[in-house]
There are 2 protein chains.
Amino acid sequence: MPLEKQTEEQIFLAAQRVFQEKGFAGARMQEIADEADINKSMLHYYYRSKEKLFLEVFQSSVKKVFPQLIAILSSGDELEAKVKKVVEFYYNTFRKNPYLPSFVLHEMNQHPKRFKEFINSQNIRIPKEFAEQLETEIEKGRIMPMKPTHFLINIVSLCLMPVIARTLVQTLFSLDDDDFDAFLAERKELIPKVIFSGVQT
Amino acid sequence: MPLEKQTEEQIFLAAQRVFQEKGFAGARMQEIADEADINKSMLHYYYRSKEKLFLEVFQSSVKKVFPQLIAILSSGDELEAKVKKVVEFYYNTFRKNPYLPSFVLHEMNQHPKRFKEFINSQNIRIPKEFAEQLETEIEKGRIMPMKPTHFLINIVSLCLMPVIARTLVQTLFSLDDDDFDAFLAERKELIPKVIFSGVQT
DNA sequence: ATTTTATTCAACCAAATGGTTGAACTATAT
DNA sequence: ATATAGTTCAACCATTTGGTTGAATAAAAT
């Protein structure tokens with residue numbers, strides 16, 4: 001087993017934990033080194049600077065979320081199946097990485113241009129079949145008329161917000177960690193129903 | 001006109017801008033001083049430390065959002081009117097303070113305990129009449145059955161998420177600033193409809 | 001008018017922080 | 001075995017950053 005890869009990955013995982021929790025500005029190279037259980041200068045040996053290490057973590061975080069979302073939207077599934085898969089995917093991903101969405105959103109807002117360039121470089125785009133599929137469902141009366149942008153943002157909002165605002169939700173509703181897990185699980189069932197609750201007549 | 005108040009407020013407003021945009025860790029006392037157009041030591045003269053200045057800004061930001069939300073939920077209005085008022089309130093507030101929600105969520109997650117204590121000290125609680133009101137609407141079949149917690153989180157999610165994820169929305173959907181404003185305005189009409197779109201039969 | 005208090009700021013300080021260096025050590029190739 | 005390349009780390013460095021000081025100035029109180 002190659003030792004160097006082990007160390008490099010150890011560093012990367014530690015950096016991921018620290019950056020995702022504290023953000024770029026709040027993270028300390030020393031803390032990452034401690035978390036990785038190595039000397040601080042190793043960070044610079046494998047990743048030349050804080051900036052570079054951060055970028056790898058950030059871009060990997062973005063790649064964990066968007067390509068999968070696009071893949072689901074691009075598949076041949078029915079719209080309802082897609083929505084269910086998106087909800088399921090977010091639920092699974094963020095139960096394991098609770099800081100991920102908050103982290104990406106925060107850092108994205110710190111450097112919008114950099115983010116835009118990265119997204120474009122990765123060819124991340126909403127598939128246009130998705131819009132057509134939605135149009136069909138609207139005609140069938142299963143969804144109230146709205147632009148695809150709104151439809152997508154609605155789904156993502158309902159999934160992400162509780163995770164991002166976890167502290168708030170737990171505070172306002174007096175939920176301990178188990179309660180919160182249950183709360184998220186309930187939403188997994190609820191969100192598709194809200195999205196497909198039919199039109200108002 | 002008292003000069004001291006002017007300077008103090010100047011500092012506070014500058015701190016608000018810088019902290020809301022960069023967060024506590026990313027904010028620099030020098031930048032706040034520059035933004036307030038005063039010497040750096042004035043910051044410490046009026047607010048003893050970065051921490052103290054930050055706390056004032058953070059707590060004031062929280063107070064800008066929650067009491068008003070609670071007030072709307074506690075009023076004697078119909079449920080639908082309440083929802084419309086919440087949507088309207090968020091729309092107006094965050095059009096003027098686009099970094100506010102992101103800021104509060106980020107810092108809240110950095111210090112959950114501190115946040116909980118503050119919320120409790122402010123007696124911020126979801127009024128219980130709200131739950132009863134929702135129960136009535138569910139019985140009338142205007143809303144699908146769900147716990148009040150989910151109902152509230154749904155509304156807040158649909159309102160806040162686009163603001164928090166502004167960069168993402170603009171990137172994915174190629175919206176310039178005017179397009180984005182229009183997008184938010186559309187949501188002001190859309191969100192109450194989505195919330196009250198009736199039950200699936 | 002004079003003392004006292006509040007306000008402002010340039011210069012300074014100590015600690016934290018990202019980053020470097022050079023020597024020691026290990027593994028691999030020849 | 002020896003040379004080469006890769007890996008590790010303690011000690012060090014330069015800069016940034018939050019914070020202090022003391023003197024100057026303005027305002028208020030006596």
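Chain letters run A, B, ... following the sequence lines, proteins first, then strands; residues in each count from 1.
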For [N], take OP1 and OP2 only and decide whether either is under 4.0 Å from a side-chain N or O of [X].
X: A:Thr7; N: D:dT8; result: yes
X: A:Tyr46; N: D:dG6; result: no
X: B:Tyr45; N: C:dC9; result: no

Using atom [atom1] of [X] as one end and atom [atom2] of [N] as the other, report the distance to the nearest whole Å.
X: B:His44; N: D:dT20; atom1: NE2; atom2: C1'; result: 9 Å
X: B:Arg48; N: D:dG19; atom1: CZ; atom2: P; result: 10 Å
X: B:Lys40; N: C:dC12; atom1: NZ; atom2: P; result: 14 Å
X: A:Tyr47; N: C:dG19; atom1: OH; atom2: C1'; result: 17 Å
X: A:Leu43; N: C:dG18; atom1: CG; atom2: P; result: 10 Å
X: B:Glu51; N: D:dT17; atom1: CD; atom2: C1'; result: 15 Å
X: B:Leu53; N: D:dT17; atom1: CG; atom2: C1'; result: 15 Å
X: B:Glu8; N: C:dT8; atom1: CD; atom2: P; result: 10 Å

Can you confirm whether the side chains of B:Asp34 and B:Gln30 place a donor and an acceptor under 3.5 Å from each other? yes
Looking only at side-chain N and O atoms, does A:Asp179 offer a donor or acceptor that is under 3.5 Å from a partner on A:Gln170? no
Between [X] and [Y], is there a donor-acceptor pair closer than 3.5 Å when you use the side chain of the first and the backbone of the second?
X: A:Arg28; Y: A:Ala25; result: yes
X: B:Glu35; Y: B:Ile11; result: no
X: A:Glu107; Y: A:Phe24; result: yes

Got a salt bridge between A:Glu137 and A:Lys140, using NZ or NE/NH1/NH2 to carboxylate O under 4.0 Å? yes
Nucleic acid contacts of residues 11-37 of chain B, taken as heavy-atom distances under 4.0 Å to DNA chain D: B:Ala27, B:Arg28, B:Met29
Which nucleotide wins on minimum distance to the side chain of B:Asn39, given the candidates D:dT7, C:dA10, D:dG19? C:dA10
Compare the minimum distances between each of C:dT7, C:dA10, D:dC9 and the side chain of B:Met42, then state the nucleotide with the smallest one. C:dT7
What residues, two or more places apart in sequence or in another chain, satisfy side chain to side chain contact (heavy atoms under 4.5 Å, CB included) together with B:Ser49? B:Glu51, B:Lys52
